[in-house]
Structure formats: C-alpha cells, structure tokens
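For clarity, every value in this text was computed on a predicted model and none was experimentally measured. When a ligand or atom number is given, it counts from 1 through the structure's own listing order.
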Amino acid sequence: MFNRILVTGGAGFIGSNFIRYILENYPEIDIVNLDLLTYAGSLENLKDLPSQDNYHFIQGDILDQELIQKILREREINGIVHFAAESHVDRSILGPDAFMQTNILGTFSLLESAKKVWLDEKKLGDDDVRFHHISTDEVYGTLAPDDPAFEENTPYAPNSPYAASKASSDHLVRSYTHTYGLPTTLTNCTNNYGPYQFPEKLIPLIILNALDGKDLPIYGDGQQIRDWLYVEDHCEAIWQVLQNGEMGESYCIGGNNQPANLEIIDTICEILDELKPNPEGKPYASQKTFVTDRPGHDRRYAMKIDKIKSELGWEPKHNLKDGLLKTLHWYLAQEDWIDAIHKEKDYQSWVDKNYSKRKETEK
Ligand code: NAD
Ligand code: DAU
C-alpha cells in the first residue's frame, strides 16, 4: 500500500476533499500537503479535518525542487498525488502565463524530483512508489452532438491555454514512465462539483450570485454540455487508481450526468426556490442573464468510464440531483466559509475583470 503520501494542491477544491476522504476512511495513512496557497487555495478548506494526527501542511511551490526532494527524503514518501494547478479556463484565457509555469514546469519539477529521489538515489521499483497525476477531460477537446464519448485512447486536442497546459503535463508524465521507468498513473476527469469549490466556477458562482440577488451569467446560448461528477466520487476513484491502478496506465473518470449548462442552472434555481425562497417571492431563475460567450468555448464533453469500472470496480455513487442537493445544503450552511473566501486576495477584481466587459445578450 502507498501509505506515506505527498498531496500537492491539497488546499484547493478537490485536493482538500481528497485529504478529508483519506483521513475519514484510511486513518493509518500519513499525508503531507504541499500547497502554495494561491488565490484558489485556502486553509479555510482544511478546517475541521477528521484528524490532524497523520496530517502535515507545508506552504510551498511545486516549482521548488529542493523543497520537494527534502520532503520526499525526510518523510519517506512513497506516493505522490498531484493536484496542484491553475485550474480555471477563463483565467487561462485572460492570463495564460501562470498556467504554463505551474501546470507544465511545476509538473516537470515534481517528476524530476521523484526521479532523483526514488530512482537515482534509492533505486526503488514499480511496487515501492507511485506518482499519480490528476488531469482533465479537456485535453481531448470538444465533441459534436453525435460524436462518441471520450475514452482513454481518444487523441489529445486541447483548445484552451488551460487544456493545452494540462495536456503538456500529461505528456511529461508519460515520458517519465516511458524513458526512465518512473511508476506513474494518470486520471482524466470531467467537471467536479461539491463542497469547498471556489466561487469562480459555474455551480458555486450560480448558487452564491442567486442568494446575493446578482445576475446569473450564462455564456453564449447556455447549451454547452459538461459531464458532472460529485467530488467525493472523484476522490474515491483517485484512491482506487493510486492503490490498484496499473503502472503507466491512464483512466477516464466521469459522472454519467450530461445536462446542458442552462438545465443545471435551472435545477439549482428550482432547488433554491424550495430551500431558501427569495424574500421578495421572485423565482431565482429571473436573475438569469445571457452574456458574451467564452472565446473558443468547448461545446460538449462526455466520458466513457468502462475501463475504470471493469478493472477497478469504480463507478459514481451520486446522480446529479442528489449531488446538487448535498452541495446546496452545504453552501447554505457555510456563511463563515463564504465570507472568508469572498475576501480572498483578488476575488472581486477577478469578477470585475471577467464579467464587466461581457455584454448582456438577447436570447
Ligand atoms: P483549485 O484551483 O481549486 O486548487 C488548486 C490548488 O493548487 C490550490 O490550493 C492552489 O493554492 C494550489 N497551487 C497552485 N499553484 C501551486 C504551486 N505552484 N505550488 C503548490 N500549490 C499550488 O483546483 P481544483 O479544481 O481542485 O483542481 C485540482 C486538479 O484537478 C487540477 O490539476 C485540475 O486541473 C484537475 N481537475 C479539476 C477538475 C474540476 O472540475 N475542478 C476536473 C478535472 C481535473
Ligand atoms: O472538464 C473538466 C474541467 O472542468 C476542469 O479541468 C477545470 O479545472 C474546471 O474548471 C472545469 O472547467 P469548465 O470550464 O468546464 O468549468 P466552469 O465551471 O468554468 O464552466 C462550466 C460551464 O459553464 C462552461 O461551459 C462555461 C459555463 N459558464 C461558466 C461560468 C464561470 C457560464 O456559462 N457562466 C459562467 O459565469
């Protein structure tokens, strides 16, 4: 078992859920969380962990090879789960530099460090160590309405600077296995949602804007399709692949939920109308506003999950309605977290930058 794990980016959305999932279900595992605490990472996401006994936080940059090597040696790390990244597509369009630094060079820095400590110094083998890289379905590009869903051997065709930087990092991971024999696994996952997601992303943005009486911005015609996965299901899949996945293999992960954006926004509004009706009696859907589309916006994603299902027995446990209900209940109970996150570094200036120039459009 890989039981001394370095998690990178564990103060972000999925990473913090993953740490909570492990501490709850596998209390014997030691975790070191290395996170730079960029605008997207917050210690607020790690308050009230089930246990702190086997958990250690280090604030640092994945570009810092010396620091990573020190952690690998001193903590005798035998598993790396690499979440740290710049993750928001809109930010990659308005400012791609950080994506190239963190997603490409940061992954390179981790791979180099793992190779040096695990392979060059200690001569560890395939069963001793594992580097698990977290990637996205966006590396496969976009689907036309009748195209078959993405699967592990779909050719890469990334369309945004974010997706291109993730594709580059995936290729680097592959090359370190092929060339040096570094034991890696890789997962490509669809859109996650659930507790602790930063409100720049669609689902938390819609929830919080609705409650604040603000516009609900819909890019283009709102008919873009994503495949939505409840974050806890993703964490379970990562754990399975880390412990039981075949070295050098990649696995596609998805939620089997593929509504159009407009449908998901309407569902959120309907649930909120029930759970916390607007004080003036107006339906939340009346706040929907169509705005200028995202440049290069991918139209449709869908994922085949046959491989992980047949080889590792994983499939999602939550359907979209259950997952959304849990998520909405969570956000409605988190005034302190929301306050803290809204005050995070540059959040308001990001909102102004991304939305102020988007014109309201007729639909
Ligand atoms: P996030 O933006 O919420 O969190 C990213 C975390 O990485 C933050 O805590 C941030 O502080 C940290 N970080 C950024 N740069 C760093 C650096 N140089 N050194 C150390 N830490 C750094 O991201 P997320 O949504 O949790 O996504 C996690 C991973 O999963 C990413 O690799 C992303 O590409 C991938 N992914 C996300 C989704 C999704 O729907 N959110 C879906 C598929 C794959
Ligand atoms: O597919 C996996 C990817 O999902 C991950 O790799 C990314 O890290 C993650 O951010 C997510 O990317 P998306 O671009 O799909 O997520 P986002 O929440 O930004 O947008 C979801 C959809 O909603 C997309 O079609 C754009 C649309 N949208 C988004 C925002 C923020 C809107 O219509 N209005 C908005 O204000």
Side-chain angles (χ1 to χ4, degrees), residues 7-18 33-43 45-46 58-64 67-68 81-93 98-99 101-103 105-107 109-110 133-140 142 150 158 160 162-163 165-166 169-170 187-194 196-206 209 215-229 231 234 238 253-255 260-262 264-265 288-294 297-301 303 344-345 351 354-355 358:
V7 171
T8 71
F13 164 47
I14 309 176
S16 63
N17 276 282
F18 181 71
N33 175 10
L34 173 68
D35 196 299
L36 187 58
L37 298 181
T38 66
Y39 81 91
S42 172
L43 296 180
N45 297 347
L46 294 156
I58 297 172
Q59 182 169 7
D61 194 332
I62 55 167
L63 282 155
D64 184 346
L67 172 65
I68 296 160
V81 183
H82 175 33
F83 293 96
E86 289 294 330
S87 68
H88 192 33
V89 174
D90 290 324
R91 288 194 192 241
S92 85
I93 294 168
F99 289 73
Q101 287 294 327
T102 298
N103 299 2
L105 295 178
T107 302
S109 155
L110 271 173
H133 180 59
I134 308 292
S135 190
T136 168
D137 58 353
E138 303 207 5
V139 297
Y140 299 124
T142 187
F150 302 133
S160 69
Y162 162 71
S165 69
K166 292 296 290 185
S169 68
D170 293 5
T187 43
N188 296 96
C189 187
T190 58
N191 286 60
N192 283 218
Y193 66 100
Y196 301 101
Q197 187 165 28
F198 194 77
E200 65 190 0
K201 307 285 165 63
L202 181 72
I203 289 183
L205 180 93
I206 294 299
N209 278 16
D215 289 349
L216 310 181
I218 302 163
Y219 294 169
D221 63 1
Q223 293 305 324
Q224 306 82 4
I225 292 177
R226 299 289 180 269
D227 181 317
W228 295 93
L229 178 70
V231 63
H234 187 190
I238 295 166
I253 303 173
N261 290 344
L262 206 47
I264 212 162
I265 292 167
K288 288 191 299 188
T289 309
F290 288 89
V291 298
T292 315
D293 206 353
R294 173 185 280 176
H297 199 166
D298 284 342
R299 194 71 182 162
R300 172 179 166 239
Y301 305 144
M303 196 65 120
E344 281 284 324
K345 301 142 199 173
V351 171
N354 190 42
Y355 293 98
R358 283 199 141 85

Short N/O distance, under 3.5 Å, between H82 and ligand 1? no
Side chain, backbone, both or neither: which part of Y162 comes within less than 4.0 Å of ligand 1 when only heavy atoms are counted? side chain
Are any of the N or O atoms of S42 closer than 3.5 Å to those of ligand 1? no
Y39 six-ring centre to R91 NZ/CZ under 6.0 Å and within 45° of normal: yes
Under 4.0 Å from a heavy atom of S135: which atoms of ligand 1 are those, numbered in the order shown and with their elements? 43 (C), 44 (C)
Part of I62 with heavy atoms under 4.0 Å of ligand 1, whether side chain, backbone, both or neither: both
Min heavy-atom dist A98 to ligand 1 below 4.0 Å: no
Using modelled atom types only, decide if a donor and an acceptor are shared between the side chain of S109 and the backbone of L105 within a distance under 3.5 Å. no
What atoms of ligand 1 come closer than 4.0 angstrom to any heavy atom of G60? 19 (N), 20 (C)
Taking both backbone and side-chain atoms of E200, is any N or O found less than 3.5 Å from an N or O belonging to ligand 1? no
Would you say the side-chain atoms of D215 pair up with the backbone N or O of P217, donor to acceptor, closer than 3.5 Å? no
Polar contact flag for H297 and ligand 2 (N/O pairs, less than 3.5 Å): yes
A84 N/O to ligand 1 N/O under 3.5 Å: no
If the contact criterion is a heavy-atom separation under 4.0 Å, does L63 count as touching ligand 1? no
Hey, is K166 touching ligand 1 through its side chain, its backbone, both or neither, going by heavy atoms under 4.0 Å? side chain
For ligand 1 and F83, I'd like to know whether there is a polar contact (N/O to N/O, distance under 3.5 Å). yes
